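Please read all numbers here as calculations on a predicted model, not as lab measurements.
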Amino acid sequence: MSIEERVRQQMELITSGTVEVIPEEEMRRKVGTSLSTGRPLTVKLGVDPTRPDLHIGHSVPLTKLRHFQQLGHQVVLIIGDFTALIGDPSYQDVTRPVLTEKEVERNARTYIEQAERVIDTTRARVVRNSQWLSPLNFKEILVIASRFTVARVLERDDFSNRYSEGKPIGLHEFLYPVMQAYDSVVIEADIEIGGTDQKFNLLAGRNLQRAMGKEPQCVLTLPLLEGTDGVRKMSKSLENDVGLTDPPDEMFGKLMSIPDGIIWEYFRLVSRVEPVEIEQLKARVESGEANPRDAKERLAVEIVGMYHGPGEAERAAAEFRRVFSMRELPERIKTVEIPRSRFSDGGMWVVDLVVYLGFVSSNGEARRLIAQGGLTIEGEKVEDADLELAAQQVDGKVVRKGKKTFARVELV
RNA sequence: GGGGGAGUGCCCGAGUGGUUAAAGGGGGCGGACUGUAAAUCCGUUGGCGAAGCCUACGUAGGUUCAAAUCCUACCUCCCCCA
């Protein structure tokens, strides 16, 4: 096969699912040079260990890294343990809270573990940017920083919005893109990938490399995954995320709760279902032949399968049908032990029971729950908030709050 | 260094002496409906075994029969000028 043909093949996989490749021609040239010299390209992805968990949104760039691995290139995962101390100001409307080094380190470790679910970390270089950022002295920092201008940084919407709204911008936040750019200089990245929100930071790397006499990297941006609310970008802090370590049932439920409108985006970005098949499925739903619920179920099975295996995915699907479609009891219900002593004088007050089970955090909330008909014991609705329960009325019985919270009581 | 402005419940935000546990929205919780934990609609959303009583509007004092609202000091933040 000719070099040109192989370049074309590689580019097809590389550019699939991307938003922008900047500049595309240069990327093609790099791939060509790599193929003809046998030298793999260095592909960089930087992640900030500001949070202890990765969610399926993070798997979008990780999946792209895996594509590069498949093509034989060298992947570098940069754990931004140093940059995390500042926090990326991209698309933030407030200064991020400062993390302690200990928190960052703990997050960094879980990041690596979780990245292993998507890429082959044995073949990837995993490095921490504190390695080279931490030893820099003030003079060196000034030399690097002088390659950037305030006007340039202020062009960014996130900064200019905050600025015009009178919100504070820490001086250190200006240095964030500078540091990320310097990472590219140090590891001599050929390509850096990131979400579209990273475009400025990614291009900063390209500019700094050029300014410092290195070959500038190409930049590849990927779409941001919307959260399960279908409105905002997926983020743990917005609580609209699907965590990579979420248990199967929870992961499944969260995926079933996404609005219909973003089903296809999820399929494209975080599942392994082939594009052709996605299009067919979409067409069937749009023609009314198939139900969106079924498409969503398919999606949930795929994704849960990726992280927990197909067996667990099927189990979670069956469980979901049972609990939410059929309104039956789940297969596994957590058991809560209650000492018999709580029943000593006559019985246990329902309100106490609900609080004890951890269903609510106050008596008032328990009363409200009962008043609104959201509490059942062994399938029977509790109508009276003053109800006293005898031991045999609850022992071994299933208490249910709303649709999705269950506990089996066991007296000890 | 000078001048001005702001701090309200989980979040945003209204309220400038009394019917204010505090409008409205978001989020949460519950219910109805369904195709699902979508969408939509409705209810609810400080604590106390619920009577009444506590606690709450940056912090501490004060004025008043009565304070989120007025006064004083302090803390924190922001803006403008230099």
Could you list the protein-to-nucleotides 32-34 of chain B atom pairs, N/O on both sides, closer than 3.5 Å?
{"from": "B:U34", "atom 1": "O4", "to": "A:R327", "atom 2": "NH2", "distance (Å)": "3.3"}

Could I get a table of every N or O pair under 3.5 Å where one atom is in the protein and the other is in nucleotides 48-57 of chain B?
{"from": "B:C48", "atom 1": "OP1", "to": "A:N363", "atom 2": "N", "distance (Å)": "3.0"}
{"from": "B:C48", "atom 1": "OP2", "to": "A:N363", "atom 2": "N", "distance (Å)": "3.4"}
{"from": "B:C48", "atom 1": "OP2", "to": "A:G364", "atom 2": "N", "distance (Å)": "3.0"}
{"from": "B:G49", "atom 1": "OP2", "to": "A:N363", "atom 2": "ND2", "distance (Å)": "2.2"}
{"from": "B:G49", "atom 1": "N1", "to": "A:E388", "atom 2": "OE2", "distance (Å)": "2.7"}
{"from": "B:G49", "atom 1": "N2", "to": "A:E388", "atom 2": "OE2", "distance (Å)": "2.6"}
{"from": "B:A50", "atom 1": "N6", "to": "A:G364", "atom 2": "N", "distance (Å)": "3.3"}

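The backbone N or O of A:N129 sits less than 3.5 Å from a side-chain atom of A:D81, completing a donor-acceptor pair. A:K254 contributes a side-chain N or O that, together with a main-chain N or O of A:D241, makes up a donor-acceptor pair within less than 3.5 Å. With hydrogens and angles disregarded, no donor-acceptor distance shorter than 3.5 Å links the side chain of A:T196 to the backbone of A:P223. Side-chain atoms of A:K403 never come within 3.5 Å of backbone atoms of A:F324 as a donor-acceptor pair (strictly under, hydrogens ignored).
Judged by atom type and distance alone, A:Q372 reaches the base of B:G43 through a side-chain donor-acceptor pair under 3.5 Å.
Remark: A:E297 engages A:R293 in a salt bridge, criterion side-chain N to carboxylate O under 4.0 Å. Using a cut-off of 4.0 Å between Lys/Arg side-chain N and Asp/Glu carboxylate O, A:R322 and A:E319 are scored as salt-bridged. Ionic pairing of A:R8 and A:E12 is present here: one or more N-O contacts between side-chain nitrogen and carboxylate oxygen are shorter than 4.0 angstrom. A salt bridge does not link A:E365 to A:R368: none of the charged side-chain nitrogens sits closer than 4.0 Å to a carboxylate oxygen. Residues A:R28 and A:E25 are paired through a salt bridge, judged by an N-O separation under 4.0 Å between the basic side chain and the carboxylate. Using a cut-off of 4.0 Å between Lys/Arg side-chain N and Asp/Glu carboxylate O, A:R400 and A:E378 are scored as not salt-bridged. Ion pairing between a basic and an acidic side chain is recognised when a charged N comes within 4.0 Å of a carboxylate O; A:R66 and A:D120 show no such pairing.
If you take OG1 on A:T110 and CG on A:L244, they are separated by 11.0 Å, rounding to the nearest 0.5 Å.
Rounded to the nearest Å, the gap between the C1' atom of B:G15 and that of B:G25 is 15 Å. As rounded to the nearest Å, B:A68 and B:A22 have P atoms that lie 13 Å from one another. Between B:C77 and B:A32, the two P atoms lie 50 Å apart (nearest whole Å). B:A60 and B:U76: their C1' atoms are spaced 15 Å apart (whole Å). One C1' atom belongs to B:U72, the other to B:G2, and the distance between them is 23 Å to the nearest Å. B:U8 and B:U69: their P atoms are spaced 14 Å apart (whole Å). When the P atom is compared between B:G58 and B:A50, the two are found 32 Å apart, to the nearest whole Å. Distance check on atom P: B:G9 versus B:G62 gives 24 Å, rounded to whole Å.
For A:R321 and B:G35, the CZ to P distance is 16 Å, given to the nearest whole Å. Atom CE in A:M256 sits roughly 5 Å away from atom C1' in B:U36 (whole-Å rounding). In this entry the distance linking CG of A:D260 with C1' of B:A39 reads 8 Å, nearest Å. Atom CD in A:E265 sits roughly 19 Å away from atom P in B:A38 (whole-Å rounding). Put simply, CG on A:L369 is 18 Å from P on B:G43, counting in whole angstrom units. The CG atom of A:L299 sits 16 Å away from the P atom of B:A38 (whole-angstrom rounding). If you take OH of A:Y266 and P of B:A38, they are 14 Å apart, rounded to a whole angstrom. Here the C1' atom of nucleotide B:A37 and the NZ atom of A:K404 are 5 Å apart, to the nearest Å.
If you check every strand for non-hydrogen atoms under 4.0 Å, A:P292 touches a base. When heavy atoms are screened at a 4.0 angstrom cut-off, A:K254 is found touching no nucleic acid atom at all.
Between A:P259 and A:G374, the residue whose closest nucleotide on RNA chain B is further toward the 5' end is A:G374. Both A:D249 and A:G373 lie close to RNA chain B; mapped to their nearest nucleotides by heavy-atom distance, the more 5′-ward contact belongs to A:G373.
Partner of A:E192 under the side-chain hydrogen bond (donor to acceptor under 3.5 Å, both in side chains) criterion, out of A:Q209, A:R206, A:Q180: A:Q180 alone.
For RNA chain B, each stem of at least three Watson-Crick or G-U pairs (distances under 3.5 Å) is given as range with range: B:1-7 with B:75-81, B:10-12 with B:24-26, B:27-32 with B:40-45, B:46-48 with B:52-54, B:58-62 with B:70-74.
One finds no side-chain N or O of A:R368 lying less than 4.0 angstrom from the OP1 or OP2 phosphate oxygen of B:G31.
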